[in-house]
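Each remark here refers to the structure printed beneath this line.
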Protein chains: 2
Amino acid sequence: MFNNINLTSYLEMAKGIYAGTPQFYVAVDCIIFAYENNEIQVLLQKRKIEPFIGEQTLLGGFVGADESLDDAAHRVLLERTGMKNVFLEQVETFGEIDRDPGGRVISTAYYALLNKKLHNTKLIQKYGCQWVSLKELPHLHFDHGKMLVKALKLLRDRIGYTPVAMNLLPSEFTLTQLQHVYEGILGVELDKRNFRKRLKEMPYFAETGKKDKSFSKRAASLYSFDWEMYRQLKYYHL
Amino acid sequence: MFNNINLTSYLEMAKGIYAGTPQFYVAVDCIIFAYENNEIQVLLQKRKIEPFIGEQTLLGGFVGADESLDDAAHRVLLERTGMKNVFLEQVETFGEIDRDPGGRVISTAYYALLNKKLHNTKLIQKYGCQWVSLKELPHLHFDHGKMLVKALKLLRDRIGYTPVAMNLLPSEFTLTQLQHVYEGILGVELDKRNFRKRLKEMPYFAETGKKDKSFSKRAASLYSFDWEMYRQLKYYHL
DNA sequence: TCAAAAGTGTTAATAGTACACCCATGA
DNA sequence: TCATGGGTGTACTATTAACACTTTTGA
């Protein structure tokens, strides 16, 4: 077995012109956000190795030799949730020497936003994953706590001037749902009238004409977001 | 020589519990900003290897085996400019498979802000580095152009609500200098009266009582920034 | 009939923007 | 004396924040 590894490593090194330069394991860790029951949730999984075996951690994985960082993050998402084309944005790369007890590992954190209705619930059970409310997060070991805090800060920033919230909702949604997404991410309550007034000024939010009765007795209008119109207006305004 | 490399790599791998997992070269690239002559400048160096030998690139270096990512960036700064404790912030990590023609290299971009008066001009000559105006940047190869654009975007964001601009100036500065720093980074002209009005509302900007005549016939007041007061007020407001 | 969520405008306060002239001094 | 950068205040506009009641309908 070690002979094999040696050979592989020898070939890898011979390919590069940087022979002699130290090499590192590279991983990605994903902070996966979703919205359900009027709250923001994060997907965590049970750690399978010591130390802290059985405790909850972020979903991660090593980057493959023929895989970009972004591809690795998308692969982790696909493996664990069955979803492709999930919204992902890089948060930060963590490179402290002793950050991983198993060896020298550099890890890039990504946050993901997904429509929870579309994920594969059997797959996450198979991987020992569970959704945890953002308000009831457990203590996360290593630098995973820092990763989550940074991811949330970045998301709070982004939601202020980009329509990332759309990634957490179905293509048709009520304004109350949308407001709950904003409140859950920002951690504050918003004024309903001011919230709706601002949306009305954005032409890429459009009533579909359909109604939803699943959340209230009086039906709520369903809205959709026109990405194409958003892009055109955005670039026009520059 | 190859035997040596093979042995090193074997020992490295045997240490970790992730044997068999691919490893990567990890580098840092620094976008180093400074202010002089009413403009923002970036430090570039001449590339010493093919392809594009002799053309200008960002300052970079490989991360050492016993060095964190942040430490590697600080080391690159120290090597090239002779400066310690330079302001550094991580921008983003670039991990495309073919981003470096010499091998599979993951690179984390950092931006740095330094007081140009304090750097070692002989050292940068020795390394083949030169300061280039932000308005006259050459084409940068590989993903270095993207790195610079991202760094500048991040800096433009930060300057809007943090006092990062102070890192580009001496401890005592005139309001005109400060305004030029903002204008250089944001790429727009600002109204002098509005700019000064806002500063007057911030108690951590204080007149030192001293005057500077080197830039004008009529002396300009020198100001200083009180970091301690800034931190206290900032946390108090949360 | 009542509980629960949907929907709707106005006013006040704050923040941001536009704008022009006199001052001090060294060359 | 004049060219150069230093220094100052006000009016207008846009944005944001505060605030309460009526509607619909299923249980």
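All figures in this text were calculated on a predicted structure; none of them were measured in a lab. In the text below, chain A, chain B and the rest are named by the order of the sequence lines, each starting its count at 1.
- Between the OG1 atom in Thr93(A) and the CZ atom in Phe94(B) there is a gap of 10.0 Å [rounded to 0.5 Å].
- Not a single donor-acceptor contact under 3.5 angstrom links the side-chain atoms of Arg218(B) to the base of dA24(C).
- With rounding to the nearest 0.5 Å, the separation of OH in Tyr230(B) from CZ in Phe225(B) is 6.0 Å.
- Regarding contacts with the backbone of dG26(D), every side-chain N or O of Ser216(A) stays at 4.0 angstrom or more from both OP1 and OP2.
- Straight-line distance from the CG atom of Leu199(A) to the C1' atom of dT8(C): 14 Å, rounded to whole Å.
- The shortest distance between the side-chain N/O atoms of Thr176(A) and the OP1/OP2 oxygens of dA6(C) is below 4.0 Å.
- Among Asp71(B), Asp70(B), Leu69(B), the single residue meeting the side-chain contact (heavy atoms from CB on, under 4.5 Å) criterion with Val63(B) is Leu69(B).
- The residue among Ala219(B) and Arg198(A) whose nearest nucleotide of DNA chain D lies closer to the 5′ end is Ala219(B).
- One finds no side-chain N or O of Lys217(A) lying less than 4.0 angstrom from the OP1 or OP2 phosphate oxygen of dA27(D).
- Tyr127(A) carries Arg80(A) over the face of its six-membered ring, with the cationic atom under 6.0 Å from the centre and within 45° of the normal.
- Comparing atom distances between the Lys197(B) side chain and each of dG7(D), dT10(D), dG7(C) picks out dT10(D) as nearest.
- In this structure, the nucleotide among dC19(C), dT8(D), dC19(D) sitting nearest to the side chain of Lys192(B) is dT8(D).
- A donor N or O paired with an acceptor N or O is not found under 3.5 Å between the base of dG26(C) and the side-chain atoms of Lys213(B).
- Ring geometry, Phe33(A) versus Tyr111(A): the interplanar angle exceeds 60°, so the pair is classed perpendicular (tilted spans 30 to 60°).
- No contact: Thr174(B) has no heavy atom under 4.0 Å from any strand.
- Both Ala220(A) and Arg193(A) lie near DNA chain C, and the one whose nearest nucleotide falls closer to the 5' end is Ala220(A).
- As a whole-Å value, the separation of Asn38(B) CG from dG6(D) C1' is 14 Å.
- Looking at heavy-atom distances under 4.0 Å, Lys200(B) makes contact with sugar-phosphate atoms alone, never a base.
- As rounded to whole Å, 13 Å separates atom P of dA5(C) from atom CG of Asn37(A).
- The side chain of Arg196(B) contributes an N or O atom lying less than 4.0 Å from OP1 or OP2 of dG7(D).
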